[in-house]
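What's counted below: heavy atoms across the whole structure, side chains too, no hydrogens, waters or symmetry copies. Numbering of ligands and ligand atoms starts at 1, following listing order.
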Amino acid sequence: MASDADPDTTLWWLRRDRRLHDNPALVAAADADRLLPVSVFDPAHYGTAEYGGTNSFTYEKTGGRRTRFRIDSVADLRSRLRDRGSDLVVRTGDPASVLSTLADRVDADAVHVHTRPTPEERAVEERVEAALDAPLVRHWGHTLYHPADLPNGVSGVDDTYTPFRKSVESSASVRDPEPIPELPPRPSGVDPGVLPDAAALGVDTSPVDDRAALVFEGGETAALGRLDEYLWETDALREYKETRNGLLGRDYSSKFSPWLNEGCLSPRRVYAEIDEYEDRRVANDSTYWLRFELLWRDFFQFQFAKHGATFFTPGGIRHREIAWRDDPEAFERWRRGETGIPFVDAGMRELNATGYLSNRARQNVASFLANDLRIDWRTGAAYFETRLIDYDPASNYGNWAYVAGVGNDSRNRSFDVVWQAHRYDPDAEYVQRWVPELDGLSPEAAHEPWTLPDERRARLDYPAPMIDPETQYGD
Ligand SMILES: Cc1cc2nc3c(=O)[nH]c(=O)nc-3n(C[C@H](O)[C@H](O)[C@H](O)COP(=O)(O)OP(=O)(O)OC[C@H]3O[C@@H](n4cnc5c(N)ncnc54)[C@H](O)[C@@H]3O)c2cc1C
C-alpha cells in the first residue's frame, strides 16, 4: 500500500455485479486507501439497436422492466454503501469517457471490474481500457466455477452439457464466497451524482400485472430476501425437482434469475446456502437439482467464452444451413400472443405482461417460433432480450440456439407444443389465466379450441391456429 503522502486510490467500476457480498472486484479494489465505486448508465444500451447480417432487424436492447429493476438495484447498492460510510457515484454517459475522466480526477492507480465472456461486453471493456491512463484490472465473479479451476481450461470446455458437468463435478470445486471487505473512504471532491432519469431511459412505470408469478424488486437486499424465503421460510427447495416444470405461482422454481443476472446475487452464495440447507434441513435430489440448473448457467457462460460471436450467427456454432424465414406478420402474431395455439399465446402474454416466463414456457414459445414457424431464431432471441427482466446474453442466446438446433445439442429439440400443453398444464389453468378468451372451456378444448364445433368456435374471440396442429404434430 502507498504512503499517506501518496494514497493508493482505486475505482470499482460496477457492471452487472451490483452487490457487496462475494464480489471479487470489490475485494481487490477495497485493498486501497481510497475507493471510488462508480456505476455508469450507457444510453447506447437503452435505445434501439441493429441486429446485423442476413435478415437484419432493429430491436430495443433493454426493455422498461429490466431498466426499472436495474435502477432499483443501483439505488439499493448506493444505500448499502452509504450505510458502510461509502457511496456510489452514478453517471449517465459513455463508460470510456466517464471512467477516464473520473480516474484522472482522483488520480486512480487502478480500475477494478468484472469481466464478461460475451462480445459486446468485452468490446466495452476494451474501449474503457484504451481510454484509461490507469490499468484496468479484470476479475471473474458471476459463475459457480472460476475459469482458472476448469479441468481443461475454457478452450477445453466440452460443447455438450453432460460431459462438461461430469468433468467439473469430479475434478473442480466451487470456491467459497468472498466476505464483504472493510470499505476505505471515498476520495474527496467527486459529486455522487443522481440516478438517471427513468423516463429518459424508457422505464416501464406501469403497475405489475397482478397475475405475475412474483413482483421482482431490484437490488441485493431483495435478492438476499428471496434466497432466504425460497430456502428457509417456505422450504420450497425441498421439492424443487418435482415442481421446477411448473407454470403458475411463486415457488415452483427459485426465481433467482433476475438477481443473478443483474449481479445482485452471487451463484456461489446460493451454492453455499444450499450446503447449509443440506446440513440443517435435507439433502435430496432437489437440492442437487438446483446446483445442476445453476451449472447450466455456468455452461453457457463458458460456451460464450469459447465460441464468442459465432453464437449469434443464423447457423450458430454448428454452422448449420437452415433457410430461416423472414415473415414479419407471423412474427407479430407470435410476439403478441395471437398464434391461435393457446399454450404459446399464454406464454407470450405472460412474458409481455410481466417480463418473466418459466423455463417450460420459454422452451415452448421458442420452439414454436424456430421449429414450427421456421422464423430466424435470432429475432425471437432479440425479442426476449428486450422483454426479459432476467436477460443475460449467454443464457438467452445459448438457450435459443439450443432449442433452434444450432447450439449445444445435436438432437432435434423441436417440441410438440400441444402435447406439452396437456402434459404440463393438465387442467388448462395456466392457459386460462393468460388467455381469458378461453374461459369456461374444458381443459381439452382450452388447449385445442380448433377441435370445437364450428358454431362454438365462431363464438370465441380467439384466432384460428396459424399452423395446422394435425400436420405439424401428428405422428
Ligand atoms: C429460450 C430460452 C431463453 C432463456 N433466456 C434466459 C435468460 O436470458 N436469462 C436466464 O437467466 N435464463 C434464461 N433461460 C433459462 C431459464 O429459463 C431461466 O433461467 C429460468 O426460467 C429462470 O427462472 P428461475 O430462476 O426460477 O429458475 P430455476 O429453475 O429456479 O433455476 C435456478 C437458476 O438456474 C439457472 N438456470 C436454470 N435453467 C437454466 C438454463 N436452461 N440456462 C441457463 N441457466 C439456467 C438460472 O440462473 C436460474 O435462476 C432461458 C431459457 C430458454 C428456453
Would T160 and N408 count as a side chain to side chain contact (heavy atoms under 4.5 Å, CB included) here? Give the steps. CA-CA 5 Å; T160 33; N408 299 98; 5.5 Å; no
Considering only non-hydrogen protein atoms, determine which one is nearest to atom 6 (C) of ligand 1 and report residue, atom name and distance to 0.1 Å. R362 NH1, 3.3 Å
Between D251 and Y240, does any side-chain donor sit less than 3.5 Å from a side-chain acceptor? no
Does an N or O from E293, backbone or side chain, lie closer than 3.5 Å to an N or O of ligand 1? yes
Residue, atom and distance of the protein heavy atom nearest atom 17 (O) of ligand 1 read N359 OD1, 2.8 Å
When you measure from the centre of the six-membered ring of W232, is the NZ or CZ of R280 under 6.0 Å away and within 45° of the axis? yes
Compute the shortest N/O to N/O distance between N261 and ligand 1 and return yes if it is under 3.5 Å, no if not. yes
Indicate yes or no: does an N/O atom of Q363 lie under 3.5 Å from an N/O atom of ligand 1? no
Among all protein non-hydrogen atoms, which one is nearest to atom 23 (O) of ligand 1, and what is the separation to 0.1 Å? Y356 OH, 2.8 Å
Residue set satisfying side-chain contact (heavy atoms from CB on, under 4.5 Å) with S173, at least two apart, ordered chain then number -> none
Under 4.0 Å from ligand 1, counting heavy atoms only, is it the side chain of Y402, its backbone, both or neither? neither
Close N or O approach (S358, ligand 1; < 3.5 Å): no
Show which atoms of ligand 1 fall inside a sub-4.0 Å distance from at least one heavy-atom site of F300. 42 (N), 43 (C)
Side chain to side chain contact (heavy atoms under 4.5 Å, CB included) between V282 and E278, intermediate numbers included: CA-CA 5 Å; V282 64; E278 289 183 332; over 6 Å; no
Would you call D275 and R291 a salt bridge, taking side-chain N to carboxylate O under 4.0 Å as the test? yes
Ion pair present between R374 and D327, side-chain N to carboxylate O less than 4.0 angstrom? no
If you scan protein heavy atoms around atom 33 (C) of ligand 1, the nearest is L294 CD2, 3.8 Å
Salt bridge (charged side-chain N to carboxylate O under 4.0 Å, His left out) contacts touching residues 354-372 (sequence neighbours left out): R362-D390
Looking at R116, H114, R138, which one forms a side chain to side chain donor-acceptor pair (under 3.5 Å) with E125? R138
Tell me whether R349 contacts the main-chain N or O of G337 through its side chain, where contact means a donor paired with an acceptor under 3.5 Å. yes
In plain terms, say whether K61 and E120 are close enough for a salt bridge, that is, a side-chain N and a carboxylate O under 4.0 Å apart. yes
So which protein heavy atom does atom 42 (N) of ligand 1 come closest to, and at what separation? N399 ND2, 3.0 Å
Under-4.0 Å heavy-atom contact with ligand 1, by part of L260 that carries it: side chain
Flag W296 as yes when one of its N or O atoms lies below 3.5 Å from any N or O atom of ligand 1, and as no otherwise. no
Using distance alone, determine whether F256 and ligand 1 share an N or O pair under 3.5 Å. yes
Taking side-chain contact (heavy atoms from CB on, under 4.5 Å) as the criterion, tell me which of W434, F368, Y383 meets it with M348. Y383
Ligand 1 atoms in contact with L290 (distance to a heavy atom under 4.0 Å): 32 (C)
Quick test: of every protein heavy atom, which one is nearest to atom 19 (O) of ligand 1, and how far off is it to 0.1 Å? S257 CB, 4.2 Å
Tell me the protein heavy atom at minimum distance from atom 9 (N) of ligand 1, and give that distance in Å. D390 O, 2.9 Å
For atom 28 (P) of ligand 1, the protein heavy atom that lies nearest, with its residue and separation: Y240 OH, 3.4 Å
Would you check the N or O atoms of K255, main chain and side chain alike, for any that come under 3.5 Å of an N or O of ligand 1? yes
Quick one: look at F299 and ligand 1, take heavy-atom pairs under 4.0 Å, and tell me if it's side chain, backbone, both or neither. neither
